[in-house]
Amino acid sequence: MLKKSIRKTSFTHAILPVILTSFMAINLTGCPSNKDTQKPAETQLAEAFEKSAETKTEPQKKAEIKKTTLTPAKSLDEVPNRCPSDILQVSREYKSGQIRHDTYFSTTCNRNRGFNIFLPASYNDEREYPVLYFLHGIFGNEYSLTGDQGLRIRELLSNMGGSGLSEEMIVVFPNMYASSDPNAKPGFDEASVAPYDNFINDLTTDLMPFIENKYRVKTGRENTAIGGFSMGGRESLYISIKRSDLFNYVGAIAPAPGVVPARDWAMEHKGQMTEEEFKYSAPLPKLVMICCGTNDGTVGHFPLEYHKLFEKNGVEHYWYEITGANHDNTAIQSGLYHFLQFVFR
């Protein structure tokens, strides 16, 4: 049985004036700091946030990772609170996987939509790989996580898979804003948030069949995981509960409010389900993980509330806090470092 970890928390309810004042110093989306990356029009709303939210990191350097198979932790409690820095560097020993951009036709949105995909260095036509769908935060797109140089997502995935800390896997980074209107833009109101909730249809009807048809992925829920950050964490919880037949592993990093009715500093969330419905029906996932930074001033206490609600509803899951992390890349890196060691094993 999965061991649950419950730690004390110091979260407080966020208040609008404080949040608005501090907004320019936090990362809402994990949006790219790479100025050369082409981004869809909807991300222009987040430009002001991006400039002040770029993670300050040292120049990339070669990592001192020995070319041996590292041993994953036996339980999530044994994993370091933060992702080790060498995992985030370009390694001398392990080849880097590739990140490619691709498009598919969405019948849900009645138009072509884009995604980025990570293919491990060993990717070839004679082998199949499990697949993780990893979802961005509000105001983001398919470039938000792969284009952020401070996040170092390719280094993290390549080093963990190459060293044996995780299974080698394909990771899909979709554009989660599933609107039929190409000019629609996200915002903090019910209508502007609705396309995020519609992504469940785009994902299951259009994107997943496209990935399974074109790329060398293992099919079946035992080979399929879903996770995300902020709004992506919220939708990962919602989608996995509604379609537990498709996903055996679920990772929600600093999940935003709105799966159940809630009120935060930005808006009233009607909720995608009731609190009583916030639980899994058979088949149950093998792993459900929720985490959040102790200094997260954006989603505040809501990840903790999801954890408490799962406890109330008898849902086995793992909860932990990332010491000192805000709503930022440190939280994403830590969450992935924990999660990846236990999916597909």
Side-chain angles (χ1 to χ4, degrees), residues 27-39 43 46 50 53-61 63 65 82-91 94-102 114-123 129-137 139-163 165-176 211 215 225-233 236 249 251-254 289 291 293 322 325 327-341 343:
N27 188 339
L28 263 177
T29 70
C31 286
S33 57
N34 186 348
K35 305 304 181 183
D36 296 327
T37 302
Q38 294 183 355
K39 297 171 288 186
T43 59
E50 292 175 32
E54 293 172 356
T55 300
K56 303 297 189 299
T57 56
E58 297 178 0
Q60 293 189 6
K61 57 184 179 182
I65 305 176
R82 294 195 180 206
C83 178
S85 60
D86 58 355
I87 295 295
L88 304 174
Q89 312 298 334
V90 177
S91 174
Y94 307 117
K95 293 181 179 179
S96 293
Q98 296 182 356
I99 294 178
R100 303 177 183 174
H101 188 266
D102 203 347
F115 66 92
N116 276 303
I117 186 167
F118 171 85
L119 302 176
S122 64
Y123 185 80
Y129 300 80
V131 59
L132 163 64
Y133 294 88
F134 197 73
L135 313 182
H136 60 76
F139 297 115
N141 56 56
E142 69 264 35
Y143 295 101
S144 301
L145 298 160
T146 59
D148 187 338
Q149 297 303 300
L151 183 55
R152 297 180 179 178
I153 195 77
R154 186 170 71 168
E155 288 80 7
L156 187 152
L157 294 174
S158 298
N159 290 334
M160 290 195 70
S163 67
L165 274 176
S166 73
E167 295 292 318
E168 288 190 297
M169 67 187 75
I170 291 172
V171 184
V172 180
F173 300 90
N175 182 345
M176 199 175 59
I211 295 295
Y215 294 93
I226 189 168
F229 169 65
S230 194
M231 181 62 78
S236 295
Y249 305 90
I253 303 171
M289 185 196 81
C291 65
I322 306 148
H327 202 68
D328 55 17
N329 284 349
T330 297
I332 299 173
Q333 291 161 348
S334 173
L336 279 172
Y337 184 69
H338 277 73
F339 187 61
L340 293 179
Q341 292 188 59
V343 296

Problem - Non-hydrogen atoms of A121 and S96 that approach each other most closely - result: CB-O, 3.8 Å

Problem - Euclidean distance, M169 CE relative to L340 CG, rounded to 0.5 Å - result: 5.0 Å

Problem - Distance-minimising heavy-atom pair for Y129 and E168 - result: CD2-O, 3.8 Å

Practice task
Could you check Y337 against R82 for side-chain contact (heavy atoms from CB on, under 4.5 Å), going step by step and ending with a plain yes or no?
Solution key: CA-CA 8 Å; Y337 184 69; R82 294 195 180 206; over 6 Å; no

Exercise for the section: Find out whether L151 and Q333 are in side-chain contact, i.e. whether some heavy atom of one side chain is under 4.5 Å from a heavy atom of the other. Expected result: yes

Problem - Main-chain N/O of A331 paired to D328 side chain as donor or acceptor, under 3.5 Å - result: yes

Problem - M289 vs Y249 side-chain heavy atoms within contact, under 4.5 Å - result: no

Exercise for the section: Would you name the heavy atoms of R154 and I99 that are closest together and state the gap between them? Expected result: CB-CD1, 3.9 Å

Problem - Distance in Å, D148 CG paired with I153 CD1, rounded so as to fall on 0.5 Å steps - result: 9.0 Å

Practice task
Could you grab the distance from atom OG1 of T146 to atom CZ of F115, nearest 0.5 Å is fine?
Solution key: 11.5 Å

Practice task
To the nearest 0.5 Å, tell me how far S158 OG sits from I87 CD1.
Solution key: 11.0 Å

Exercise for the section: Flag the pair Y143 / H136 as yes when their ring centroid distance falls below 6.0 Å, and as no otherwise. Expected result: no

Handout entry: Between SG on residue C83 and CG on residue L336, distance to nearest 0.5 Å
Key = 8.5 Å

Exercise for the section: Kindly give the heavy-atom pair with the smallest separation between G97 and F118, and that separation in Å. Expected result: CA-CE1, 3.7 Å

Exercise for the section: Return the minimal non-hydrogen interatomic distance between F173 and E142, and the atom names on each side. Expected result: O-CB, 3.3 Å

Fill in the blank from the handout: Note: Y215 and I170 closest approach over all heavy atoms is CB-CD1, 4.4 Å

Problem - S144 side-chain N/O to N141 backbone N/O, donor-acceptor pair under 3.5 Å - result: yes

Problem - Side-chain donor/acceptor of N175 to backbone N/O of G114, under 3.5 Å - result: no

Practice task
Output yes when a side-chain donor or acceptor of S236 lies under 3.5 Å from a complementary backbone atom of G227, and no otherwise.
Solution key: yes

Problem - Nearest-0.5 Å distance that lies between atom CG in L119 and atom OG in S122 - result: 10.0 Å

Exercise for the section: Taking N159 for its side chain and Y94 for its backbone only, find out whether a donor-acceptor pair lies under 3.5 Å. Expected result: no

Exercise for the section: Would you indicate whether the side-chain heavy atoms of E167 and V343 approach each other to under 4.5 Å? Expected result: no

